[in-house]
Number of protein chains: 2
Amino acid sequence: MAKQNRTRFALLGLLASESLTGYEMKKKIDGSLNHFWKISFGQIYPTLNVLVEAGEVEGEEENGSTRYKLTEAGRMALTDWLRQVPEELPVQKNELLLKLFFSRHEDHRETIKKLEKHEQLLTARLKVYQQIESSLMESCGSSPDLTYWLLTVRHGIAVTKAGLDWCRQSITFMKEWKR
Amino acid sequence: MAKQNRTRFALLGLLASESLTGYEMKKKIDGSLNHFWKISFGQIYPTLNVLVEAGEVEGEEENGSTRYKLTEAGRMALTDWLRQVPEELPVQKNELLLKLFFSRHEDHRETIKKLEKHEQLLTARLKVYQQIESSLMESCGSSPDLTYWLLTVRHGIAVTKAGLDWCRQSITFMKEWKR
DNA sequence: CGTTTATTATATCAATTAGATACTATCAAT
DNA sequence: ATTGATAGTATCTAATTGATATAATAAACG
């Protein structure tokens with residue numbers, strides 16, 4: 001494990017604009033971050049506690065729940081982290097490709113089934129991304145985040161389209177390969 | 001954590017064609033699987049031990065090292081797993097997109113730097129994938145795995161090209177957005 | 001208005017994973 | 001002969017996953 005708790009920067013980033021409860025963070029993560037930075041809910045409170053202990057975040061009781069907000073130390077930690085240029089491409093785990101890699105050990109019709117399911121899943125994901133793009137443009141016109149958020153969702157759209165094209169070509173190929 | 005040790009199926013898959021030492025598995029993982037199914041070296045021997053205890057693999061001492069081979073139970077476990085159609089798309093963690101998402105909190109020139117670095121990394125990755133594709137076609141012409149391995153590397157090529165296009169468009173946009 | 005379901009909010013935990021580190025033996029290069 | 005690389009095996013700490021648990025409040029329903 002990289003001895004760098006990267007999830008803490010994701011939480012610091014979420015708090016950069018406003019204070020939030022842990023549960024509100026979960027909702028924001030579910031609606032946006034999880035498309036490109038999956039965080040398990042079970043990690044949020046432990047990580048928040050680490051951030052409070054590190055003095056980068058402070059929690060304020062309010063109507064029976066705790067709202068967390070960035071401290072100055074937290075803002076600097078976020079800025080320092082943001083400035084670092086990532087030196088590595090994303091780590092990826094793809095079950096379909098793993099199975100594809102071993103697919104000579106099964107009937108090719110099973111392979112086609114998997115590819116067809118994958119096509120469905122990608123199609124649904126593409127719709128979601130396109131809806132996100134539309135709603136961002138409709139409802140965030142004046143947000144300083146808009147430009148950057150659009151960039152991330154357009155990345156998702158581009159990569160999902162490419163995956164779909166590959167998938168469809170692969171299905172076609174497989175169907176013709178072993179008639 | 002998903003209560004399913006998915007790494008064990010990757011190891012079973014590697015052993016489907018031939019017996020291997022743990023270190024040989026590491027090398028095969030480094031040269032192929034790690035492009036779409038990252039496995040930490042620290043996981044290989046513990047997982048092999050689990051597979052031996054489960055009776056799906058057996059180890060044979062040979063010239064001072066242990067070669068592992070699939071048992072009939074292991075072959076059936078692999079076949080059962082292969083048949084299952086993945087119901088979910090890949091889990092992804094992308095540090096660049098995470099930082100992009102929060103980039104309104106820093107100068108846009110820093111953002112351009114990251115995108116440019118990302119372009120370099122994707123360009124290098126694309127070259128690697130294209131070399132893999134070429135060498136597969138040159139040297140595995142009669143292998144029953146060839147078709148499937150080509151499908152996986154072509155997925156990587158397609159997705160990497162899409163990411164590169166997005167990256168270049170994003171750089172262009174950022175440079176023109178805030179002159 | 002009482003009951004049921006959903007949401008909000010917080011927490012814990014076992015299993016898995018990541019990646020570093022350690023050790024030994026043999027082989028290749030100098 | 002010495003040094004560095006490879007082959008081979010192993011352990012460990014920290015982080016993560018995703019399930020599960022609990023409780024309070026709000027919304028929906030009969």
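In this text the structure is predicted, and so the values were computed from the model without any measurement. Chain A is the first sequence line, chain B the second, and so forth, proteins listed ahead of strands; every chain is numbered from 1.
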Could you pull out the protein-nucleic contacts involving nucleotides 21-28 of chain C (nitrogen or oxygen on both sides, under 3.5 Å)?
none

So A:Phe9 and A:Trp81, would you call those rings parallel, tilted or perpendicular, with 30° and 60° as cut-offs?
parallel
Output yes when at least one side-chain N/O atom of B:Tyr23 is less than 4.0 Å from OP1 or OP2 of D:dG8, else no.
no
Between D:dA10 atom P and B:Met25 atom CE, what is the distance in whole Å?
12 Å
Closest listed nucleotide, where the reference is the side chain of A:Pro46 and the choices are C:dT12, C:dT16, D:dT6
C:dT12
Under the 3.5 Å rule, do the base of D:dG18 and the side chain of A:Ser40 count as making a donor-acceptor pair?
yes
Nearest-Å distance for atom pair CZ/C1', residues A:Arg8 and D:dT16
16 Å
Whole angstrom value for the distance that separates C1' of D:dT9 from NZ of B:Lys27
14 Å
Taking OP1 and OP2 of C:dT8, is either one under 4.0 Å from a side-chain nitrogen or oxygen of A:Thr21?
no
Could you list by number each residue of residues 54-65 of chain B showing a heavy-atom separation from DNA chain C of less than 4.0 Å, or answer none if no residue does?
none
A:Phe173 vs A:Trp177 aromatic rings, parallel, tilted or perpendicular, using cut-offs 30° and 60°?
parallel
Write down the distance between CG (A:Leu98) and P (C:dT17), rounded to a whole number of angstrom.
12 Å
To the nearest Å, how far apart are A:Gln43 CD and D:dA15 C1'?
7 Å
Please report, rounded to the nearest Å, how far the P atom of C:dG19 is from the CD1 atom of B:Ile29.
14 Å
Determine the interplanar angle of the B:Trp149 and A:Phe101 rings, folded into 0 to 90°, and report it as parallel if under 30°, tilted if 30 to 60°, perpendicular if over 60°.
parallel
Short side-chain N/O contact from A:Thr66 to OP1 or OP2 of C:dA9, under 4.0 Å
no
Of the listed nucleotides C:dA9, D:dA15, C:dT17, the one nearest the side chain of A:Tyr45
C:dA9
With a 4.5 Å limit on heavy-atom distance, are the side chains of A:Glu95 and B:Glu88 in contact?
no
Considering every strand and a 4.0 Å limit on heavy-atom distances, what is the contact class for B:Lys26: base, sugar-phosphate, or nothing?
nothing
Counting C-beta onward and ignoring hydrogens, is there a side-chain heavy-atom pair between B:Glu138 and B:Ser134 closer than 4.5 Å?
yes
B:Ile44 has an atom CD1; how far is it from atom P of D:dT11, in whole Å?
15 Å
For a quick test of reading the model, state the closest non-hydrogen atom pair linking A:Leu121 to B:Pro86 and the distance between them.
CD1-O, 3.9 Å
Could you walk me through whether B:Lys38 and A:Gln92 satisfy the side-chain contact (heavy atoms from CB on, under 4.5 Å) test, starting with their C-alpha distance in whole Å, then the side-chain angles of each, then the deciding distance to 0.1 Å, before giving a yes or no?
CA-CA 7 Å; B:Lys38 235 180 177 319; A:Gln92 164 91 257; over 6 Å; no
Mind running salt bridge (Lys or Arg N to Asp or Glu O under 4.0 Å) on B:Asp165 and B:Lys161 for me, showing each step along the way?
CA-CA 6 Å; B:Asp165 285 347; B:Lys161 279 182 173 173; over 6 Å; no
Taking atom C1' of C:dT16 as reference, at what distance in whole Å does atom CG of B:Leu48 sit?
16 Å
Just call it for B:Gly22: base, sugar-phosphate, or nothing, with non-hydrogen atoms closer than 4.0 Å on any strand.
sugar-phosphate
By nearest atom, which of the nucleotides C:dA11, D:dG8, C:dG19 is closest to the B:Glu24 side chain?
D:dG8
Nucleotide opposite C:dT30 in a Watson-Crick or G-U pair, distances under 3.5 Å
D:dA1
Quick check against the 3.5 Å criterion: does B:Ser32 have a side-chain atom that pairs as donor or acceptor with the backbone of B:Ile29?
no
Measure the shortest side-chain to side-chain distance between A:Arg67 and A:Glu24 over non-hydrogen atoms and say whether it is less than 4.5 angstrom.
yes
